[in-house]
Amino acid sequence: CEAAMAFNYMCGCEGHGYLGADTESKRNALVWLPRVSAIISAICSTAIIVDVLKSKKKRGKMYGQLMAVMSTFDLMGSVAYSFTSLPTPKEDYIQG
């Protein structure tokens, strides 16, 4: 019953709305807030990678190498996360 209430936007039933978002602006916020945070994360990861790669001293240390590798994977994850709602079909009634 609780799961049906969480997804009632599909059938048009009364209830909490799209994951608790009962207005269009709240639904848009559910889509755009994760995108914005993913974009900020991607920018910061890129800055860390550039900072490490510019400095020969940082590139030579294990700490710098780990930071560059972790930031590279974070960058890939952030880019993927920012596009998660784009391929959603219109029939699912989720903003994209």
Side-chain angles (χ1 to χ4, degrees):
C1 185
E2 190 64 35
M5 292 297 282
F7 295 101
N8 66 343
Y9 62 93
M10 292 178 142
C11 67
C13 306
E14 292 296 321
H16 305 304
Y18 170 66
L19 300 176
D22 51 359
T23 64
E24 189 70 24
S25 61
K26 288 181 183 178
R27 286 186 214 121
N28 285 333
L30 283 173
V31 171
W32 281 99
L33 285 176
R35 284 184 189 170
V36 170
S37 66
I39 291 169
I40 292 170
S41 176
I43 290 169
C44 293
S45 294
T46 303
I48 291 170
I49 293 167
V50 168
D51 183 52
V52 170
L53 293 180
K54 275 184 162 181
S55 171
K56 187 172 184 171
K57 183 179 177 183
K58 289 180 183 177
R59 277 183 298 184
K61 293 192 176 206
M62 182 62 71
Y63 178 76
Q65 294 170 2
L66 284 172
M67 288 298 292
V69 170
M70 287 191 315
S71 295
T72 301
F73 283 103
D74 182 59
L75 179 63
M76 289 187 287
S78 297
V79 169
Y81 190 63
S82 66
F83 294 120
T84 54
S85 62
L86 287 179
T88 307
K90 295 272 187 207
E91 298 83 37
D92 286 348
Y93 302 105
I94 296 175
Q95 301 295 108

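In the hydrophobic clustering of ILVMFWY residues, with side-chain heavy atoms under 4.5 Å counting as a link, Phe73 and Met67 come out apart. Note on Val79: it clusters hydrophobically with Ile49, by side-chain heavy-atom contacts below 4.5 Å among ILVMFWY residues.
Residues Leu75 and Ala42 share a closest heavy-atom pair of CD1-O, 3.5 Å. When every heavy atom of Arg59 is checked against every heavy atom of Val52, the shortest pair comes out as CG-O, 3.2 Å. Across every non-hydrogen atom of Ser71 and Ser45, the tightest pair is O-CB, 3.5 Å. Taking all atoms of both residues into account, the shortest heavy-atom contact from Ser78 to Ser41 is OG-OG, 2.9 Å.
The structure places CD1 of Ile40 at 7.0 Å from CD1 of Ile43, a figure rounded to the nearest 0.5 Å. To the nearest 0.5 Å, the span separating OG1 on Thr46 from CG on Asp51 amounts to 12.5 Å. Remark: Tyr81 OH to Arg35 CZ distance equals 11.0 Å, nearest 0.5 Å.
A donor-acceptor pair under 3.5 Å is formed between the side chain of Thr72 and the backbone N or O of Ala68.
Counting heavy atoms from C-beta on, the side chains of Asp74 and Met70 never come closer than 4.5 Å.
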